[in-house]
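Reviewing the structure listed below.
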Amino acid sequence: VDEAKKLAHRFAQALQSGQARAFLSQVNTALRKTRPGEAKLLPMAITHLPVLLVVERDAHDDDKARVVIVSTDPALLSHHPAVAAPPKLKFETCLSVDVSWARVCDEAFWGMAWYCASTSGGSYVMQPARMLYEVLLAFLAGKPLADALAEAQASDSAKAAAAAGAGANGVGLGVAPDKAGTQRAPGKVDKGTDAALAGKGPKGKRGNKGKSAKQG
């Protein structure tokens, strides 16, 4: 979080001065130091409208990563997935794409991302928002954005299903098999174990616990 604060301060200075070199240098340094399984919070904007980029390097394949664009601005949410819930249309504030780690670290990407962030007004061949969402994200993913979004959603659904299946089978929930191989819920023991703890035999008869041997 401290690193994200410093980057945000540097980003605001760069937007105000129009000098992006120091900010982009810090972004590249932060990315180079990112280890598998770690994530970076990177400030960004689209025509001065703030967005947040979350870049997470894959824990199992360090050549892969996930980029999440976080935005709550209505002008940008039209590029995010939406769910129709009449009479409302709900937009997702987070857009996730699985990407190439090498392309995330490509200075060409960040140069164009800076253009999308710092430009404002005027006429464009392509609007900066469309350039970031439809061109730059597609560049990171190596495929059209629609395909990348579909794959990311399918991956998330598969992980959720696997986690739900593991929970249903007792994996990671402290459910241990008994001697017969059956599973018992946490905190429960079989009758034999319960009897042993109570100092009773398997048929409920009290054993030798509590009796003392008589001295000659």
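The first residue in the sequence is number 1, and the count goes up from there.
You'll find the side chain of Glu151 stays beyond 4.5 Å of the side chain of Asp98, heavy atoms only. Using a 4.5 Å heavy-atom cutoff, the side chains of Trp114 and Leu15 are in contact. Proximity of Trp101 to Val55: side-chain heavy atoms (C-beta onward) are separated by under 4.5 Å at one or more points. Looking only at side-chain heavy atoms (C-beta outward), Val97 and Leu149 come within less than 4.5 Å of each other.
Of the possible polar contacts, one joining the His48 side chain to the Ser118 backbone as a donor-acceptor pair under 3.5 Å is found. The backbone N or O of Pro74 sits nowhere less than 3.5 Å from a side-chain atom of Ser78 that would complete a donor-acceptor pair. Within the 3.5 Å criterion, the main-chain N or O of Arg21 finds no donor-acceptor partner in the side chain of Ser25. Of the possible polar contacts, none joining the Arg57 side chain to the Glu38 backbone as a donor-acceptor pair under 3.5 Å is found.
Closest non-hydrogen pair, Pro36 versus Asp58, comes out as CB-O, 3.5 Å. Contact between Glu92 and His80 at its shortest, heavy atoms only, is O-ND1, 2.9 Å. The nearest pair of heavy atoms linking Ala30 to Lys40 is O-CE, 3.3 Å. Scanning both residues, Ala20 and Ala14, for their nearest heavy atoms gives CA-CB, 4.3 Å. Taking all atoms of both residues into account, the shortest heavy-atom contact from Ala141 to Ala148 is CB-CB, 3.7 Å.
Between the CZ atom of Arg130 and the SG atom of Cys116 there is a distance of 12.0 Å, given to the nearest 0.5 Å. Going from atom CG of Leu132 over to atom CE of Met112 covers 10.0 Å, rounded to the nearest 0.5 Å. Between the CG atom of Leu77 and the NZ atom of Lys90 there is a distance of 14.0 Å, given to the nearest 0.5 Å. In this structure, CD in Glu3 is found 9.0 Å from CG in Leu41, a value given to the nearest 0.5 Å.
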Please walk me through it: do Tyr115 and Met131 pass side chain to side chain contact (heavy atoms under 4.5 Å, CB included)? CA-CA 10 Å; Tyr115 165 78; Met131 180 177 292; 4.0 Å; yes
Could you please spell out the steps behind the side chain to side chain contact (heavy atoms under 4.5 Å, CB included) verdict for Leu31 and Leu42? CA-CA 10 Å; Leu31 290 173; Leu42 305 176; 4.2 Å; yes
Please determine whether side chain to side chain contact (heavy atoms under 4.5 Å, CB included) holds for the pair Ile46 and His79, giving the CA-CA distance in whole Å, both sets of side-chain angles, and the decisive distance to 0.1 Å. CA-CA 12 Å; Ile46 301 176; His79 298 277; over 6 Å; no
Show your working on side chain to side chain contact (heavy atoms under 4.5 Å, CB included) between Leu76 and Ile69 and close with a plain yes or no. CA-CA 10 Å; Leu76 302 177; Ile69 297 184; over 6 Å; no
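Other residues, nucleotides and ligands contribute at most 12 non-hydrogen atoms within 6.0 Å of the CD atom of Glu107.
A single hydrophobic cluster is seen to contain both Leu49 and Met126, as judged by linkage of ILVMFWY side chains at heavy-atom distances under 4.5 Å, directly or through other members. Tracing side-chain contacts under 4.5 Å through hydrophobic residues (I, L, V, M, F, W, Y), one never reaches Leu7 starting from Val54; they form parts of separate clusters. Two different hydrophobic clusters hold Met44 and Val70 under the rule that ILVMFWY side chains link at heavy-atom gaps under 4.5 Å. By the criterion of side-chain heavy atoms lying less than 4.5 angstrom apart, applied directly or through intervening Ile, Leu, Val, Met, Phe, Trp or Tyr residues, Leu136 is grouped together with Leu53 in one hydrophobic cluster.
Taking the centre and axis of the six-membered ring of Phe109, the NZ or CZ atom of Arg103 falls outside the cone set by 45° and 6.0 Å.
Tested against Ser71 for a side chain to side chain contact (heavy atoms under 4.5 Å, CB included), the candidates Leu95, Val51, Leu52, Thr93 yield a single pass: Val51.
Classified by interplanar angle (parallel below 30°, tilted 30° to 60°, perpendicular above 60°), the ring pair Phe23/Phe11 is tilted.
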